[in-house]
Structures are given as structure tokens and as C-alpha cells.
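The structure appears right after this line, and notes come after that.
Below, chain A is the first sequence line, B the second, and so on; all start at residue 1.
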Number of protein chains: 4
Amino acid sequence: MDADSPRPRAGEPRPRCAEATSAALLDAAAARFARDGYEATSVRDIAADAGVNPALIYRYFGSKEKLFVSVVSRDRDPATVIDGPMDELPDRSVTWFHNRPPAIAGEHPLALMLRSAGREGVSDLMRAQVRDTVAALAARLDGPDAELRAAMILALNVGMGALSSIAGVDVLMAAPPDRLRDHLAAAMMPLIDVPDAATTTPQGAEKTTTAESPANP
Amino acid sequence: MDADSPRPRAGEPRPRCAEATSAALLDAAAARFARDGYEATSVRDIAADAGVNPALIYRYFGSKEKLFVSVVSRDRDPATVIDGPMDELPDRSVTWFHNRPPAIAGEHPLALMLRSAGREGVSDLMRAQVRDTVAALAARLDGPDAELRAAMILALNVGMGALSSIAGVDVLMAAPPDRLRDHLAAAMMPLIDVPDAATTTPQGAEKTTTAESPANP
Amino acid sequence: MDADSPRPRAGEPRPRCAEATSAALLDAAAARFARDGYEATSVRDIAADAGVNPALIYRYFGSKEKLFVSVVSRDRDPATVIDGPMDELPDRSVTWFHNRPPAIAGEHPLALMLRSAGREGVSDLMRAQVRDTVAALAARLDGPDAELRAAMILALNVGMGALSSIAGVDVLMAAPPDRLRDHLAAAMMPLIDVPDAATTTPQGAEKTTTAESPANP
Amino acid sequence: MDADSPRPRAGEPRPRCAEATSAALLDAAAARFARDGYEATSVRDIAADAGVNPALIYRYFGSKEKLFVSVVSRDRDPATVIDGPMDELPDRSVTWFHNRPPAIAGEHPLALMLRSAGREGVSDLMRAQVRDTVAALAARLDGPDAELRAAMILALNVGMGALSSIAGVDVLMAAPPDRLRDHLAAAMMPLIDVPDAATTTPQGAEKTTTAESPANP
DNA sequence: GATGAATGAGCTTTCATTCAT
DNA sequence: AATGAATGAAAGCTCATTCAT
């Protein structure tokens, strides 16, 4: 589409090294997909950014879609954020949120996928990964509605990623990390440690009572 | 692309009425854009759904992009959710979240835009709308970091919309509305009513205290 | 590929008539496919020859392959040659051979297909048509080995078409029609009217005897 | 394209022998070209079949087209069929037709070329070879229209090869050799030995007479 | 002698868009 | 007001071919 992108190095003629080339393609693809979405990114753009010929995308990845899968599968490590003490989850989120690899500029992998959900293969991959993450997170939560709460925790993370990277809400990125963490913790902790009353009081009964009529028609 | 969409009415030969035609186009476009995203939706799909000739899109809207802008601008009413008592914001969010207009099927307008942010004009529009919403919300918030907190509140809403509509996390849509509201309130209230001491005192203890109140209203 | 072809008319801007356009495309495609084969012919070539935009091929025919099918199916009329008295078959062959439409330059439709048998769909179509023709011709033949003889009659026609149009053996096209007919009749009649002896003498027995050992292992 | 071909031997690591390598390439190319045609055959297919690197095709043959030329030029021996008594030509045709070299699987070299006549160089080669064959055959024929009759004899052979190998008319291959020969002789002899009166007398009667002799040898 | 890396040109196809009626 | 015809540009992808090792 356009060519206003960080061509890696224009002088050196790219060493004939398969590993370096495919890595460069992955980096360029990650940045383009994150910035413009799957459909709006052309293989020619990616190749130009990586400083190589578009045909190499097919040599190394087989297709544009497989390249996308490789991008979102690379370094996908929900455990990185999920593992560890749960009450430090907000801290890890902030850290992860601010210490992102340069290629995927501040983009949560899920946010990256959100905007690329047009194609079948992409949607399926995304759904699977989202569900895995929700399940993994829910497994770490005690109390009722673990899955619902896990989904909301993820929603908070994904929403912040989307807003900052896609919508360009710079107040999120520009905020001092500790302020970000404080408020994120304030919002996230009630979802992680549901207050005692919620589990001790006969809320389970209440919930069922209340929900029965409208929830499952 | 495909044609499995609500063709308006096959019997009547569409009255030669500009207003009705452009309205039909807007409806069809909203549904398609929400379901498939901007790039994956073709003007021929939209026109076919509306039962009119694709050229009319250009007659009435000028371009596909302008049609998209018209769609996301129509009925955009952040005030609907923002207006009202702040401590009922979670309730309004849940209500709005569950009572969505039929055309934009269960899709938060922002989530709709998230996945369509490839093209320049679309991105710009979305950014503007997001910033307006953040600003409007921040204006209703007291205490420090109002804009940051507003962005996080929006992030929570957007994240939930994205997860449920794009990623298909059905636990969000299937949850009983009051459970959804309880947990959403638990997460959101600390961002709305930041406890006075939040900036000075060690917040871990405060936070729990603060969260208790909205969780059990 | 190249553009050394009979652009239809360069002055008039092609009347906006669907029928004329698709006919022009069919003509151009027939000529190109006949001259260069299916694979070596590009849709750009065809469109350029027809003086229209390549996209119209897809508007009117759906794909390159479907265009090809349309070409070989158009005016395919084996009956034209087969119908009529069998002893005038050579005359009809010559007539048909010499009175071809200008677009398909001297090309037997089967010869046209012969060189385009790469793609699956093309091969299948061709096989079907060849078998139909053989069967139709065999039905008109009396005596033994009707199908084999029919195949050989077809082979003679196809071979002449291939040699003259593909291999450029101009002695076939340049020959006076009556000389062509005389020799063609000389070769073809023994296949059409197998001499009495062949059917009356105990050749059937002979044949079987001879053939038994090697023919069906 | 696919890889369902006779990979030479997978155990031995191909000796670094130029002659063996180029021979392997020629064999693989002949099989592929015959089976799939020139355009549908890729140099990668050929190289994979031969078990070598595609670049070697360029080392040994210079280009895909030159490789094709080498294939069709190898063992081209029209004399094999043409040499010998003319009245045994049908027998030799049948023999040659049924005893084909294993590499060019059942494919008449001319039929092979017929379907590969797209590219310039290929067409030229084919035309030259066809003309040489016609000329050589015509030189063996007495009487009028020698070249025309030679072309028709060749057309019969080529047509049968094309029909059987390309169009899959199995009645030709499945026929008992002597039936094939009988009918082929019946059609071919009138072209070889043109009856003296053929040009002057009404030929219908003569023709039958002429044909009788070869049909029942 | 042989190979993996890299390239440029071309292909079929789709799409937003405009023109003429 | 509305439509079918036509177009230019670009997309994903494949292939023959060359380069460097």
C-alpha cells in the first residue's frame, strides 16, 4: 500500500541467511499487522519493510495467513503473565504492557488479532487462543464465577491494549507506570479476590434466583 | 462475498425513494461491517443486502469509507451510557451491553471500529470518537488521573465488547446479567470513585475496602 | 504476454453492449487458445485482443477456465459433421475443415483442446467430448470394430487439424479442396465401409484367434 | 506441482557425475512433459523427480525450454518408422505405437509436442521436425500429391497418438494389435499406393478395390 | 559439481469506482 | 432515481532464473 516504513538497512545487501531473513519478515509482519490489521496489510508491504522479495514470504511461511499465524504464535506466552502470585497480576500486566518487544509496538497479541478477525483461519486461531487464556486464568481464580471473572480480567487487559495501540489513546501509554499499576490493581483486584462476602453470603442462591428468569430464555 | 444476509424484501420492487434507499444501505452496511469488518465487506455485498445497485452507494455516500463513517456516526451516543449517576454506570453498561440494537448485532460500536481500523479515514474517525468519549467520561470523574481512569473504564467496556463479539467468548454474553453487573461494578467502581487515600496511603488495604461496597449493593 | 494480435477496432470505443463484449471475448479467446494453448494464454492477452478490460472476463465468464469451456462448447456440433450420409463424410470433413470461422483459425475444436489438456477441468471436458464423438460416430458405422474405426476416423480428422493448425503444415491447408477430399476419402472410406470380405469372410474367427493371446493379458 | 513420480533412488546420494545427473534430468523431464505438458511442468518438479537441485537444470541445459528441446530431440528417429518397405508402414506404425519407450509413457513424440506448442522455441522446433518428417515420408511416396499424402499419413499417426495418450481414448490402446493394424492399413494404404487412376477415373469404385488388398493380407 | 537463498516478472482474480443510459 | 457496463489498480501467489557459497 504505502511504503512509509522502517526499511531495516538500505546499505548492506542482507546476508544470505535464511534465519535472519525469516526473522526480519516476522518482525516486519508483526509491526504491519499490528498497525494496519491483517486485511489492510499486503505481503508486498511486509516484504518491503523487511527489505526482501515478497516471494520469500511464500518460501518461508507458505502463505500470508500462515505468516500471520506465525506472528501471533511467536512469543505467545500467556503463562508469562498468568504465572506467579495472583495479587501481583496487575504488576505483571503493567510490566508486560510496558516492556513489549519493539516490533509489536505496544500491542497485546490479542489486540493484534482483534482487528484481524476477518478471515476464517484468523478468527479460529484467535478464538482458540482467547479461550485457552480465559481457561488458564480461571483455573487460578478461587470463588464463584471464575470464568466470568477471568474473561473480565482479560477484557481489561485487551481493552487497554486495543485502546492504546489501535485507538491511540496515549494517556494510557504516557501515564507513569506506577499510576497505571495502582489504578489497574484497583480495578483488577476485586475480580481476582472476590471479597469474602461474595463467597460467604448466600449469594449463590440469590444469583440463581435473580438470574433464572432473564438469563436463559 | 456471500449472500446469506437479510435481503430486505424480495417482493416489492423498492420504491424510488432516496431516503428509504440510503437508510437500507446504512442498515445493510452496519450489519456487514459489524459481522465481517471493513476490509472483508465489499460494496457489492452491502448493495445486494440492501437490494439496490452498488452505484447508489456512491450516489448517496460518495465512497465506501464515507459510508462506513456514516454507519459508525449514526446513533453514536456515548452520552447514553455516560449520562446519569456515576455509581450506576456499571448498570448502564450492562444494560447497554445486553440491549444492543439489532442492526449492529451485539457489537460495541467501538469494537466494530477496532476491527476496521486499517484505512486512514477509519482510524482517524475512531481515534476522534475514542478521545471524545474519554474526555466526556473524564469530565464526570473527580480525583486524580481522571483521564487515565476514564480510559481504563472505557477499556473495560471495549474489551468486554471485543471479547464477546469478536473473539466469541460466550461466557460474557451467557452470564446472568446481575452477576455480570456485580463483577463489572466491582472492577469499575474503584476507577470511578477513587478512594481519597488511594494516592497517599498504601492502597492494598483500602482497595479491598473500597471494592466491597459496590460488589454487594 | 505479447500484443501482436488483431485488436478488433481501435477507433470506436466499443459499444456498451454486454452481448457484443462477451462475443468479442469468446472470439479473442478462441483464437488465442487455438494459437498458444490454454496455459500459455493469459487473460490479459485475451482481453487486449478483444479490446476490453480483463475484469470483464470474470464478469461474463467467471474464470479463465470457464471461459475456455465456453469457447470449446460454442458451436461444438459434432453432429454437423457426423449427420448425413456416411459416404459423404469425407466431403463434409473437408468442407468443415475449410469453412471454419475466422476466429478459430482452421482449428478443429478437438485439436484446440488437445494442446490445452494440462488443467484438470480442461482434460475432463475434452475426454468427455472425445468419447461422445467417438460413440456418436460408432453408432453410424456398420460392421465389426465400429468403435475402433470411429476412433481412427476421428484420429484422422484431429490429426489433420493438429498438423495444419498447430504444426503449421501448410500443405494441408494449401491443397486444392478436391485433392484433399479425394485423398481423405481414400483413407476414410475403408474405415467407414469396411469391405464386404471383412464382414462376410470368417475374419471374425481369424481375428479372435490372432488376438486372443496378446490382446487381453 | 505434485511429487508422485519416480524419484530415482532415495538411498544413494547421487554420485557427483555430470553425465548421470543430466541423464536423470532428461528422463524426469521427458516423463513430466509427456504427462503434464510443457507449461504445467515446473523445473522444480523435474529436479525433484531427478533428485537434484533445480539450479542444475540451468547448469546443464541453460533453460527450461532448452531442456525441452533436448528431450524431444533425444532419440527422435522418424527414420525408425519411415525406413523399410512402404507396404509394411502400417505394421511398423502399430509396432512403434505399442512398443513405446518407457520414459515417454505411451506418448508419440509429436503428440508430446502438440500439447507443448505454446512457447516460441517449442513451436519452431516442432514445426521443423514435422516438416522434416513430412518431407522424408513424401520422398518415399510415388505418384501425385506426395507431400499432401505424406502429411495425411502423419496426421493419422499423430491423431491416433494424440487421441490415445491425451484424450484417453482407450479403445485405441485396448484394441488387439492385429485389428488395429488391419484397419490402420486399410486407411493408410490408399495414401501410400495411390491407384493409378485416382486422379482421372471416378474414384469411388477404385477406392474400394484398392482398399481390399491391404485389409486382408 | 552442487546447493540454498534470493529475485523479478508475471499470473489469475477481486474490488472500489465511474460512465452512459 | 437507478442501473448495467466498463475500468484501473492492486492483491496473493507461482515460477523460471540467477547469485553466492
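- Checked by atom type and distance alone, the side chain of C:T41 pairs as donor or acceptor with a backbone atom of C:R32 at under 3.5 Å.
- No engagement by D:S22 is indicated, since no non-hydrogen atom pair under 4.0 Å with the nucleic acid exists.
- A straight line from NZ of C:K64 to C1' of E:dC11 spans 8 Å, rounded to a whole angstrom.
- The two residues C:V71 and C:A29 make their nearest non-hydrogen contact at CG2-CB, 3.7 Å.
- Nearer the 5' end of DNA chain E, as judged by each residue's closest nucleotide, is the contact made by D:L56, out of B:V43 and D:L56.
- Taking atom CZ on A:F61 and atom C1' on F:dG12, their separation rounds to 16 Å, with Å as the unit.
- Atoms CD (A:E19) and P (E:dG4) sit 16 Å apart, rounded to a whole Å.
- When the C1' atom of E:dT12 is taken as reference, atom CD of C:E39 falls 12 Å away, rounded to whole Å.
- DNA chain F is contacted by both B:P54 and B:R59; B:R59 maps to the nucleotide lying nearer its 5′ end (nearest heavy atom per residue).
- One interatomic measurement links the two molecules: CD1 of B:I57 to P of E:dT17, which rounds to 9 Å at whole-angstrom precision.
- You won't find any donor-acceptor pair under 3.5 Å spanning the side chain of C:R44 and the base of E:dG10, going by distance alone.
- Checking D:N53 against A:Y58, the closest nucleotide of DNA chain F that is more toward the 5' end is the one next to A:Y58.
- Close to E:dG10, at under 4.0 Å from its OP1 or OP2, lies no side-chain N or O of C:S42.
- The side chain of C:V52 has F:dT7 as its nearest neighbour among F:dA10, F:dT7, F:dT3.
- Distance A:I46 CD1 to F:dC13 P: 11 Å, rounded to the nearest Å.
- Residue A:I57 comes nearest to A:S63 through the heavy atom pair CG2-O, 4.4 Å, listed as atom of the first residue, atom of the second, then distance.
- Taking the six-membered ring where the residue is Trp, A:F68 and A:F33 present perpendicular rings, their angle passing 60° and hence far from 30°.
- In plain terms, the two heavy atoms of D:S22 and D:Y60 that are nearest each other are CB-CG, 4.2 Å.
- Of all heavy-atom pairs between C:L25 and C:A50, the closest is CD2-CB, 3.8 Å.
- In this structure, D:D36 and D:A40 approach most closely via the heavy-atom pair O-CB, 3.2 Å.
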Expected rows: protein N/O vs nucleotides 19-21 of chain E N/O, under 3.5 Å:
unit_1	atom_1	unit_2	atom_2	d
E:dC19	O2	C:R16	NH1	2.9

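- Side-chain contact between A:V43 and A:L67 is absent, with no heavy atoms from C-beta onward closer than 4.5 Å.
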Could you write out DNA chain E as dot-bracket? Rules: Watson-Crick or G-U wobble, both distances under 3.5 Å, brackets [ ] for crossings, | for pairs with another strand, dot for unpaired. .||||||||||||||||||||
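- Rounded to whole angstrom, the span from the CG atom of C:L67 across to the P atom of E:dC11 amounts to 15 Å.
- At whole-Å resolution of the value, CZ in C:F33 and C1' in E:dT12 are 12 Å apart.
- Taking 4.0 angstrom as the limit, C:T21 places none of its side-chain polar atoms (N or O) nearer than this to OP1 or OP2 of F:dA5.
- Residue contacts for A:Y60: at a heavy-atom cut-off of 4.0 Å it reaches the sugar-phosphate backbone alone, with no base atom in range.
- Using a 4.5 Å heavy-atom cutoff, the side chains of B:E39 and A:Y38 are not in contact.
- Closest non-hydrogen pair, D:F61 versus D:S70, comes out as CD2-OG, 3.6 Å.
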